[in-house]
Amino acid sequence: KQEVTQIPAALSVPEGENLVLNCSFTDSAIYNLQWFRQDPGKGLTSLLLIQSSQREQTSGRLNASLDKSSGRSTLYIAASQPGDSATYLCAVNQGGSEKLVFGKGTKLTVNP
Amino acid sequence: EAGVTQFPSHSVIEKGQTVTLRCDPISGHDNLYWYRRVMGKEIKFLLHFVKESKQDESGMPNNRFLAERTGGTYSTLKVQPAELEDSGVYFCASSRTVRRYTGELFFGEGSRLTVL
């Protein structure tokens, strides 16, 4: 059974700092991995999707890496801003269905 | 273009009562998903519709939960009778194509269910 773990559960940093969020999964036979952002009281917004054959994806100040064999992904946020404050969720998809398996998320607070 | 809309945003009911949650996907999106987050736990998959057909309902917890998508447009998720452990936030999401190829998956803001 696939399990996704995100560390840390919460993180508080000063504005401008570069930071890394971690995601690990127990079954390396994934189809892809996706990072989402959730603002309080809102739905999830997709940030980056990494296919199993890829090593990383970049979008603006965000960079996500994937090491499938070791069951790990990281989300790197450069030059963090208060507007980046949100909960960041990692989810994996395995073959056979469209189902996503989520981690519990990392709550990020960027202080001005 | 309107996003995924869910109704109600919050429902408070007594144990044993019935609640129906509704999701209106983005127009033209054939794929519709239900997920839920129980307090302190991760978001978990419930089921996936392609148009009006249930493609995958492996996440439905038990037969107290009934999801429908008549006509392949909006979907309803009925909980009957509701139990305390059903409390949580129920998310709906939709996509035009299969999500895994594009990553395009649009979530609603969720329906918070509180069972007393």
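Within every chain, numbering begins at 1; the chains are lettered A, B, ... in the order of the sequence lines, protein sequences first and strands thereafter.
Few gaps surround NZ on Lys54(B); more than 12 heavy atoms of other groups in view lie less than 6.0 Å from it.
Cluster annotation: Leu32(B) and Phe102(A) are assigned to distinct hydrophobic clusters (Ile/Leu/Val/Met/Phe/Trp/Tyr, side-chain heavy-atom contacts under 4.5 Å, transitive). No continuous path of hydrophobic side-chain contacts links Val19(B) to Val89(B) [ILVMFWY only; heavy atoms under 4.5 Å]. Note on Phe107(B) and Tyr90(B): separate hydrophobic clusters, where clusters join Ile, Leu, Val, Met, Phe, Trp and Tyr whose side-chain heavy atoms are under 4.5 Å apart, directly or indirectly. There is no path of hydrophobic side-chain contacts, each under 4.5 Å, that joins Leu21(B) to Ile43(B). The cluster map of Ile, Leu, Val, Met, Phe, Trp and Tyr, joined by side-chain heavy atoms under 4.5 Å apart, puts Leu62(A) and Trp35(A) in the same cluster.
Scanning all heavy atoms of the two residues, the minimum distance from Lys42(A) to Phe91(B) falls at O-CE2, 4.0 Å.
A distance of 8.5 Å separates CD in Glu98(A) from CG in Leu105(B), rounded to the nearest 0.5 Å. Between the CG atom of Leu46(B) and the NZ atom of Lys99(A) there is a distance of 11.0 Å, given to the nearest 0.5 Å. With rounding to the nearest 0.5 Å, the separation of CZ in Arg37(B) from NZ in Lys104(A) is 8.5 Å. A distance of 13.0 Å separates CZ in Phe106(B) from CG in Leu44(A), rounded to the nearest 0.5 Å.
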Derivation and outcome, side chain to side chain contact (heavy atoms under 4.5 Å, CB included), residues Leu100(A) and Tyr35(B): CA-CA 9 Å; Leu100(A) 290 173; Tyr35(B) 285 84; 3.3 Å; yes
Determine, stepwise, if the pair Val4(A) / Glu42(B) fulfils side chain to side chain contact (heavy atoms under 4.5 Å, CB included). CA-CA 9 Å; Val4(A) 178; Glu42(B) 63 276 11; over 6 Å; no
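Using a 4.5 Å cut-off between heavy atoms, Gln6(A) makes no contact with chain B at all. Neither the backbone nor the side chain of Ser9(B) comes within contact range of chain A; no heavy atoms are under 4.5 Å apart. For Arg112(B), no part lies under 4.5 angstrom from a heavy atom of chain A. For Leu48(A), no part lies under 4.5 angstrom from a heavy atom of chain B.
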